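One structure is given here, and the rest of the page talks about it.
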2 protein chains.
Amino acid sequence: MEPKSPKSDLPTLEDVARAAGVSTATVSRTLNSPDQVSEGTRSRVMATVRALRYSPNFGARALAAKRTNTYGAVIPTMENAIFARGLEAFQKVLVANGATMLVASSSYDPAIEEDQIRTMVARGADGILLIGTQRDPEIYDFLKERHIPVVIAWTGTGVTALSCVGFDNEDAAGKLAAKAIGLGHRRIAFISAYTRNNDRARDRVAGVRHALATAGLDPCDMPLLETKYSIQCGRDAFVELMHARPRPTLVMCGNDVLAAGAVRAAHELGLDVPADVSITGFDDIELATVISPALTTVHVPHRKMGGLAAEALLAQVRDNSAPKQTTLETHIVVRQSLAPPGSRTNEMAD
Amino acid sequence: MEPKSPKSDLPTLEDVARAAGVSTATVSRTLNSPDQVSEGTRSRVMATVRALRYSPNFGARALAAKRTNTYGAVIPTMENAIFARGLEAFQKVLVANGATMLVASSSYDPAIEEDQIRTMVARGADGILLIGTQRDPEIYDFLKERHIPVVIAWTGTGVTALSCVGFDNEDAAGKLAAKAIGLGHRRIAFISAYTRNNDRARDRVAGVRHALATAGLDPCDMPLLETKYSIQCGRDAFVELMHARPRPTLVMCGNDVLAAGAVRAAHELGLDVPADVSITGFDDIELATVISPALTTVHVPHRKMGGLAAEALLAQVRDNSAPKQTTLETHIVVRQSLAPPGSRTNEMAD
DNA sequence: TTGCCATTTGTAAGCGCTTACATCGCAAAT
DNA sequence: ATTTGCGATGTAAGCGCTTACAAATGGCAA
C-alpha cells in the first residue's frame with residue numbers, strides 16, 4: 001500500500017477509480033457521457049462518487065477539456081432594473097443548462113468594458129454576453145481571434161457576423177413619437193441618456209427625429225438634453241427644458257428612470273401631467289406603474305431577451321451552430337402620462 | 001482528423017519562455033511575483049508577453065495554483081434593487097483587486113440556494129457571498145470542510161464563526177415602530193415578505209412586535225400579512241388589511257416595494273396617505289422617493305455592505321485572516337408617508 | 001583567496017482531468 | 001470453427017501552469 005497524499009485533500013478521480021475498481025477513464029466517462037458506460041459499471045461508479053463525496057476539480061477539468069462551462073456577461077450596470085432583469089433571465093437559462101455566469105459591469109465606460117471583456121476571456125469564459133454593438137473593432141477582432149462566441153443584446157440593428165437578440169430601438173421610439181404627433185403634439189422635447197457610447201440611446205433619438213420629419217416637422221427644432229441615468233438627472237433636465245417659451249407640450253424620455261424624474265419635476269413646478277405637459281418613458285419597468293400619473297412607455301421584453309441570449313450562446317458553443325440574429329417585438333403601453341396637448345400649456349407660464 | 005478545438009493556437013508560457021530566452025519558471029515569476037525577477041529580465045519577458053499577446057490559460061493556472069481568483073455571490077434575485085446595488089458594489093471591489101465574480105440567484109428557494117452554493121464551490125470559487133444566515137447546517141459543514149471562506153451579508157445577528165457584514169434588522173424596524181408609536185399610532189398592521197426562509201424579514205417583524213410590547217401594547221394584536229416581493233402583492237395585502245374595523249392607522253411594510261404597492265392601493269381606495277393612513281417602508285431604494293407621498297423608511301447602506309463584504313472575503317482568502325463581524329448603522333429617513341394618526345381615519349369607513 | 005550568503009534563474013515534478021488509441025470479450029456472420 | 005464488428009474498458013499522453021529545489025552568479029567579509 002502506497003501512502004497517499006500527505007494531507008487530507010479532496011478525493012480525486014483516481015481515488016474514485018481505485019475505490020470502484022475501474023480506470024480513471026471509466027469514471028470520467030460515467031460522469032461526462034454516461035451512455036458510453038454499461039449500466040452496471042455506471043451505478044457502481046456513481047455509488048462510489050457519492051460515497052466519497054467526490055466533486056471534479058474545476059481547474060483540471062478546464063485544462064483538459066478546454067471548456068469551463070462558464071459564460072460571461074458584461075453589462076453597463078446591475079443597478080439598472082432593465083439589465084438586472086435581463087441578467088436574471090440569462091442566468092436562469094444558463095443554470096438550467098448546467099452552466100455558470102460571470103458578471104462584470106462597465107459603468108458605461110468603453111475602456112472598462114474592454115478590460116472586462118478581456119478579463120472574461122482570460123477567465124476562460126466559453127461565451128460572452130454584450131450589450132449594444134458599439135465598441136472598438138479591435139475588441140471584436142480579439143474575440144474572433146480567440147474564437148469566443150458572443151451574443152449582443154438590446155439592439156437588433158447592424159449586427160451580422162455575431163449572434164444578437166434585440167429589438168429595434170429606433171423603430172420603437174419612432175412609433176411612440178408618431179403616436180404623440182397623432183395626438184396633436186408639435187413641440188416635443190427629448191431627454192436622453194448620453195448617446196456618445198450608447199447606440200441604444202442614439203437610436204431612440206433618431207427614431208423620434210425620423211417621426212418628426214415624417215410628420216413634416218423639423219427634427220432640428222427638437223430640444224434635446226443628454227444626461228446621466230438617474231431620477232435626479234431626469235428631474236434637472238426637465239426643469240431646464242421647461243424654461244423654453246413656448247414650452248414643449250411633450251417631453252419624451254429615453255428611459256423610464258429619466259421619465260420618473262421628469263414627472264417629479266413637473267409636480268414640483270406645479271405642472272399637471274398630462275394636462276399641462278405630457279411625458280413618455282421607454283422600457284416599461286415597474287417604476288413606470290407606481291408613479292402618478294403612470295407612464296405611457298415602450299414595453300421591452302427584457303427577460304425574454306436575456307433568456308434567448310443565453311440560449312443563443314449555448315447553441316453556438318455546444319452545437320457549434322452559426323450566429324443567429326433575433327429581433328423581438330416591442331409595443332407601446334398606454335397609461336396616463338401622455339394625452340393630447342392641453343389648453344393650459346401656455347396660460348400658466350410665469 | 002483536425003481537432004477543431006477552438007482556443008488551440010494560443011501562445012503558451014513555454015512559447016514566451018522560448019522567445020524571451022528564459023525558462024518557463026522565470027516567465028511565471030515575472031507574471032506572478034515580479035519582484036523576484038531582475039529588472040532586465042522582467043522587461044524583456046514583459047515585452048515578449050506583449051509581442052505574443054500572451055494570456056495565461058485559466059484552467060492550467062487554477063490547477064497548478066489551486067486558486068481561481070473568482071468569488072461567488074449567491075443571492076435571492078438580481079431583480080431586487082437592494083441586491084443589485086449590493087452586488088454591483090461587491091463586484092467593483094473584486095475587480096479593483098483583480099478578481100472576478102460569479103453570480104447565481106436562488107429565487108428565495110433554500111434547495112436552489114444550496115445547489116448554487118455547491119455549484120460555486122465546484123466552479124472553484126475562492127470565497128462566497130451569502131445573504132442572511134438561515135440555511136441547512138449541512139451546507140455550512142460542507143463549506144467548512146472545503147475550507148471555503150464565506151461572508152454573510154444583510155444581517156449581523158447571530159453570526160460568530162463566519163465573516164459577516166450586516167445590520168440589525170430587528171433593531172432598525174423596532175426603532176421605526178417606536179417612532180410611529182410616539183406619534184400616536186396604536187393600531188399598526190404589518191405587511192411582510194414571507195418569513196419562512198427569510199431571517200431578515202422575520203427580524204423586522206420581531207422588531208416591531210418588540211416595540212409594541214415595550215409601549216405596553218399587545219404584539220399579538222398586530223395584523224400581519226406575509227406575501228411575495230412585488231408591488232402588486234403589497235397592493236393586495238394592503239387592501240385586505242383595510243377591511244378591518246377599526247382600520248389600522250399605520251401599515252408598516254417589510255420593504256419599500258411592498259410599501260409602494262400599499263401606497264398605490266391606498267390611492268385606489270380613495271384614502272389619503274398619511275392623513276387617512278400612514279405607511280412605512282424599509283430599505284430606502286429610489287422607489288421610495290418617486291412615489292407620492294414619498295416613503296418614510298429605514299435607510300440601509302446596501303452599497304457599503306456589498307463593498308465591505310468583498311473586502312472581508314478578500315482579506316480572508318489573501319491574508320488568511322480570521323472571520324470578522326461588521327455591523328453597519330441604519331437610520332430612519334423621514335419623508336411624507338408617516339404622520340400622526342389623522343382625524344378622518346374612522347369617519348370615512350363605509 | 002576562500003567561504004558564505006543573497007539573489008537570480010533553471011529543472012522538472014506534479015496539479016487532476018479528458019480522450020485518442022489499444023485491448024478485450026463476445027455475439028453475429030461466414 | 002474462424003472471422004468480423006462493436007460495445008465496454010484500460011492505458012497513458014498530454015493540457016499549461018506553479019513551485020520546491022537545485023544551480024549558478026556575484027558581492028563581500030574573513
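Not measured: the values here are computed from a predicted model. All chains are named by letter (A, B, ...) in the order of the sequence lines, taking the proteins before the strands, and each is independently numbered beginning at 1. Side chains included, hydrogens not; waters and symmetry mates left out as well; all remaining heavy atoms used.
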Distance in angstrom units between A:Leu13 CG and C:dC15 P, rounded: 14 Å

Within residues 20-32 of chain A, residues whose heavy atoms come under 4.0 Å of DNA chain D: A:Gly21, A:Val22, A:Ser23, A:Thr24, A:Ala25, A:Thr26, A:Arg29

Partners meeting salt bridge (Lys or Arg N to Asp or Glu O under 4.0 Å) with B:Arg42 (sequence neighbours left out): B:Glu39

Pairwise side-chain contact, A:Val74 with A:Ile131, heavy-atom cut-off 4.5 Å (strictly under): no

Contact check, side chains of A:Leu308 and A:Leu328, non-hydrogen atoms, under 4.5 Å: yes

So, using salt bridge (Lys or Arg N to Asp or Glu O under 4.0 Å) as the criterion, who are the partners of A:Glu311 when residues are at least two apart? none

Looking at residues at least two apart in the chain, or sitting in another chain, which of them share a salt bridge (Lys or Arg N to Asp or Glu O under 4.0 Å) with A:Lys304? none

Validation row: B:Leu52, B:Thr48 side chains within 4.5 angstrom (heavy atoms): yes

Between its two end axes (five pairs each) the helix from C:dT1-D:dA30 to C:dT30-D:dA1 turns, nearest 10 degrees, through 50°

Which residue pairs pass the side-chain hydrogen bond (donor to acceptor under 3.5 Å, both in side chains) test when at least one of the two sits in residues 317-328 of chain B, sequence neighbours left out? B:Asn69-B:Arg318

In whole angstrom, give the distance that lies between atom CG of A:Asn69 and atom P of C:dT18. 11 Å

Determine the sole option in B:Ile117, B:Val317, B:Asp126, B:Ile128 for which the side chain to side chain contact (heavy atoms under 4.5 Å, CB included) test with B:Ile148 is passed. B:Ile128

I need the NZ-P distance between B:Lys66 and C:dC17, as an integer number of Å. 10 Å

Sorted by chain and residue number, the side-chain hydrogen bond (donor to acceptor under 3.5 Å, both in side chains) partners of B:Arg29 (sequence neighbours excluded) come out as none

Polar contact flag, side-chain donor to acceptor under 3.5 angstrom, A:Asp199-A:Thr155: no

Expected list for residues 34-44 of chain B near DNA chain C, using heavy atoms below 4.0 Å, is B:Val37, B:Ser38, B:Thr41

Tell me the interatomic distance from B:Asp15, atom CG, to D:dG16, atom P, rounded to whole angstroms. 9 Å

Just so I know, are the side chains of A:Glu114 and A:Arg135 near enough to count as touching, which here means a heavy-atom distance under 4.5 Å? no

Could you go through nucleotides 25-28 of chain D and list every protein N or O atom that sits under 3.5 Å from one of its N or O atoms, giving the distance for each pair?
none

Restricting to pairs with a member in residues 50-65 of chain A, which pass side-chain hydrogen bond (donor to acceptor under 3.5 Å, both in side chains), not counting sequence neighbours? A:Arg53-B:Glu145

Using a strict heavy-atom distance below 4.0 Å, which residues from residues 55-63 of chain A are in contact with DNA chain C? A:Pro56, A:Asn57, A:Ala60, A:Arg61, A:Leu63

Do A:Met101 and B:Ser105 come close enough that some side-chain heavy atom pair is under 4.5 Å? no

All pairs passing salt bridge (charged side-chain N to carboxylate O under 4.0 Å, His left out) where residues 18-27 of chain B contributes a residue, at least two apart: B:Glu14-B:Arg18, B:Asp15-B:Arg18

Flag, side chain of A:Glu88 to backbone of B:Met78, donor-acceptor distance under 3.5 Å: yes

